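Quick caveat: nothing in here was measured; it's all calculated off a predicted structure. Letters A, B, ... mirror the listed sequences (proteins, then strands); counts begin at 1.
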Amino acid sequence: MRPERYNAKEAEPKWRETWADQAVFQTRNDDPRPKYYVLEMFPYPSGRIHMGHVRNYAMGDVVARYKRARGFNVLHPMGWDAFGLPAERAAIDRGIHPKAWTYENIATMRSQLQSMGLSLDWSRELATCDPSYYKHQQRLFLDFLKAGLVDRKTAKVNWDPVDQTVLANEQVIDGRGWRSGALVESRELTQWFFKITDYAQDLTDALDTLERWPEKVRVMQRNWIGRSEGLKIRFALDSETLPPDGPGPELEIYTTRPDTLFGAKFMAVAPDHPLAKAAAARDPKLAAFIEECRRTGTAAEAIETAEKQGYDTGIRAIHPFDSSWQLPVYVANFILMEYGAGAIFGCPAHDQRDLDFVNKYGLGNLPVVCPPDQDPATFVVTDVAYDGDGRMINSRFLDGLTIDEAKEEVARRLTAETRDGSPVAERKVNFRLRDWGISRQRYWGCPIPVIHCEACGTVPVPADQLPVTLPEDVSFERPGNPLDHHPTWKHVPCPSCGAPARRETDTMDTFVDSSWYFARFTDPQLADAPVNRAEVDHWLAVDQYIGGIEHAILHLLYSRFFTRAMRACGYAGLDEPFAGLFTQGMVVHETYRAADGSWLQPSEIRIESEGGQRRAMHLGTGATVEIGSIEKMSKSKRNVVDPDDIITSYGADTARWFMLSDSPPERDVIWTEEGVQGASRFVQRAWRLVGEIADLSGSSANGTGRSVEATAVLKAAHRALAGLEEDVERLRFNRCVAHIYELANALQAQLAAARGNGSLEALGPAFREAGRIFVQVLAPMMPHLAEECWQALGHDGLVAQAPWPALDRSLLVEEAIVLPVQVNGKKRADVSVARDADAAAVEAAVLADEAVRRALDGRAPKKIIVVPQRIVNVVV
RNA sequence: GCGGGCGUGGCGGAAUCGGUAGACGCGCCGGACUCAAAAUCCGGUUCUGGCGACAGAGUGUCGGUUCGACUCCGACCGCCCGCACCA
């Protein structure tokens, strides 16, 4: 006996068990069907899943289930990005070991994810904190080291004083640590780096090939890599003015505007440039100035507001085209040692920073590019530098050239000229991208597998000694790196000479862990190698990757580098790990604030609406609560809805359905109680609809022809099917939802009509066919309900394994069509014509129409435009 | 400052190879069923005028192209996101 109401609480666990028992979602590597790899960014095991996870994984699951039904061998795995600082913080705050904390969280979150009914292959589950995973990561590190892709060097790095660790450039947002939010400091440390800059050119070029990536992400990566073309020029220095013990009688600069060389007014070097240091040795005031720069230079906020400041070193540079032309060399606070040559020539008329600088120090400016609409004789620059197009002026042999021609001419002359046997200038492509610093002074991460020996230097841990495992008996009582404080762990013999040596105590940035997990999923049980090359080449690239925009640069850039590095070491045969990328929007919610200013959870209040006015009341006190702005769900604003609560009270299908409806997936979705209830209503409506269809006496189709009514029923189903196919492929889930609603509406109306005119019996087969399609298009989004419906309709097996229904395109065309008719571009009537009616027939029908005649009001049409099967416009 | 995106009913949003603006959902209004409530079902819902058929206006603003513009072009206004002393 079929219950009247669908009971998600009973049905959902039952179907999940069935899927698990039959291993429906386990993927076999030897399956001959075409592959499809769909992956959502794996979660950090923070404790509980949140609505953002629900949205992310619901989207991925729709794609996975749809592609599976379409006959693909789908790989849809899940794992845990399990190393990271929060585990250490839990250890410090609550005395629980990071490992225990992490695995407890994984257990909780795994069961939460499982309650969503995701079609995941759990047999491939992995956790990056497991030695069976990080062992291979250490192996990759050693291979990269051997291949020259790893560097250990002293560099100025970002130090997070709260998390007590170094951060990569990508992990500093607005001058603050991406996790801690603390202002980062600049420190000079010896660190391990991955040489991502070796691939800078390729990483920027290949962005053009990533057609199925959001334009926004590609632009962000391109800007981050920051490729520029310019000229490296060696300026000679006047030996009279040189400091003793300086770096030599010349200064190398980098410029992208060699065309403006005749507008030069000064030279400037970074405060930590060798020439600045040498000059400071003879000038205490300069030394003080450099010290001042260093102090303000660390905080990014200070940089933004800092005034341009400089100090004249007394050194004079000689213009490369005029040996009698001397330029003062300044140390300036706005020059970065890390970029280009750490030195520039300043052309104030055409660079705002340089202009601000000369206006402060009274050095003047000379325009050398004249805008097209200006007279070269009168064009002057005062406060606003001109960086637009134009022709060269005041520039001797460059006069009259365009900017590009002038750049080329300067490059041609200076690269041909030599001093001391070397060219004075060199064409140079420069990048903003820096090498990826991966050393972290933390415990809960993948140990860097090297040993420091006094005699042998830095010695890699031999491959047969991997993994270098983390010690479990660590203390978090002292600040700093627990591995460094461990009494015995770091003391090991040198693998090379056997003398007492010291293990590297830094661990790897957790972004290393997530840079190759997608490759490991292709064969996660593999014990003796990071990956199986054949499987990697078969499964990668990931066909559809889905995750948050916050990884636009970080994870997505690192993974692109890592795949290239793996290729260089023979682990992969391709460069780009993610062929299709989709970045989903956030889940946002209203905020609620009590009279005392404290934030209230949605579960603590009740919304009442009267005449369109919504009012919030506190459940306990009944006090009025202020309804605040809609914001990202966050603990601080307490506007969080726990997925567990929704799944418990409404079921997973309702939660999934609501997540996919309404908002386009790339935009933020507003979580509302009304919306969830609407979704829940539809679950019951779909169940009733299928029930009614199941109850139709299933007499097989009698006769051969289909009645007009039967065709109408099937047309509705196939229209929804066609729409769904198109929109799932384009990840437009909100439209998929709309197609399903339309089909439900149509079937309901047609059932009522058939009941009214007694044709229900005859239409049984058509309704059953349409009902089957309805259940199948529903299945990717509401898989549990769909199974229950599938069974109710009497179908064998699981809808999760049923092949996708074949679309009958002949049902998509209409025989008689209703054409809108415009008169002078305004819609005045509808006329019904045969599908294949020719223009003359359409015109005749239009002119015969009463409403058209009224609109024409006796005027003769000048022209009639007939767009076949679309519209008619009568022009008078 | 540079780069990217977006402006459509009370709300989320459809419609972009130029061809019926407002699909679908939420909310709201009215009705049916019920002792009542819930649930469900039916109808309405861009604005203005009209009982109505209907008429006029309407996709941030102004202008242009076109038989026809949410869609294309130009100028502007507003919002969101990213980057930012990168030479």
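For Trp687(A), the ring-ring contact (aromatic ring centres under 6.0 Å, His included) partners are Tyr6(A), not counting sequence neighbours. The ring-ring contact (aromatic ring centres under 6.0 Å, His included) test applied to Tyr558(A) returns Trp436(A), Phe511(A), not counting sequence neighbours.
For the residue pair Tyr741(A) / Ser661(A), no side-chain donor-acceptor distance below 3.5 Å is found, with atom types taken as modelled. A side-chain donor from one of Thr197(A) and Asp435(A) sits under 3.5 Å from a side-chain acceptor of the other.
Nucleotides rA38(B) and rA32(B) are separated by 16 Å at their C1' atoms, to the nearest Å. Comparing rU71(B) with rA87(B), their P atoms are spaced 37 Å from each other, to the whole Å.
Among the nucleotides rA87(B), rC24(B), rC26(B), the one closest to any side-chain atom of Arg681(A) is rC26(B). The side chain of Glu674(A) approaches rG27(B) more closely than any other nucleotide in the set rC85(B), rG25(B), rG27(B).
At a cut-off of 3.5 angstrom, the base of rG68(B) holds no donor-acceptor pair with the side chain of Asn873(A). Judged by atom type and distance alone, Lys862(A) does not reach the base of rC67(B) through any side-chain donor-acceptor pair under 3.5 Å.
In this structure, the NZ atom of Lys216(A) is 10 Å from the P atom of rG5(B), given to the nearest Å. Rounded to whole angstrom, the span from the CD atom of Gln677(A) across to the P atom of rC11(B) amounts to 21 Å. The distance between atom CZ of Arg257(A) and atom P of rC85(B), rounded to the nearest whole Å, is 19 Å. Atom pair Arg853(A):CZ and rA53(B):P shows a separation of 22 Å (rounding to whole Å applied). Tyr339(A) places its OH atom 18 Å from the P atom of rC83(B), with the value rounded to the nearest Å. One can place CG of Asn734(A) at 15 Å from P of rA23(B), the figure rounded to the nearest angstrom. Between the CD1 atom of Ile871(A) and the P atom of rG68(B) there is a distance of 12 Å, given to the nearest Å. A straight line from CG of Leu355(A) to C1' of rC85(B) spans 14 Å, rounded to a whole angstrom.
Val875(A) comes within 4.0 angstrom of the backbone, heavy atoms only, and of no base. Among the atoms of the strands shown, only primed sugar atoms or phosphate atoms (P, OP1, OP2) are found under 4.0 Å from some heavy atom of Gly678(A). Thr256(A) comes within 4.0 angstrom of the backbone, heavy atoms only, and of no base.
Checked by atom type and distance alone, the side chain of His739(A) never pairs as donor or acceptor with a backbone atom of Ala722(A) at under 3.5 Å.
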Per-nucleotide pairing state of RNA chain B [Watson-Crick or G-U, under 3.5 Å; [ ] pseudoknot-crossing; | other strand]
(((((((..(((......[....)))((((((.......))))))((((....))))..(((((..]....))))))))))))....

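No more than 12 heavy atoms of other residues, nucleotides or ligands sit less than 6.0 Å from atom NZ of Lys9(A).
The residues Arg55(A) and Asp668(A) are annotated as not salt-bridged, no charged nitrogen and carboxylate oxygen being separated by less than 4.0 angstrom.
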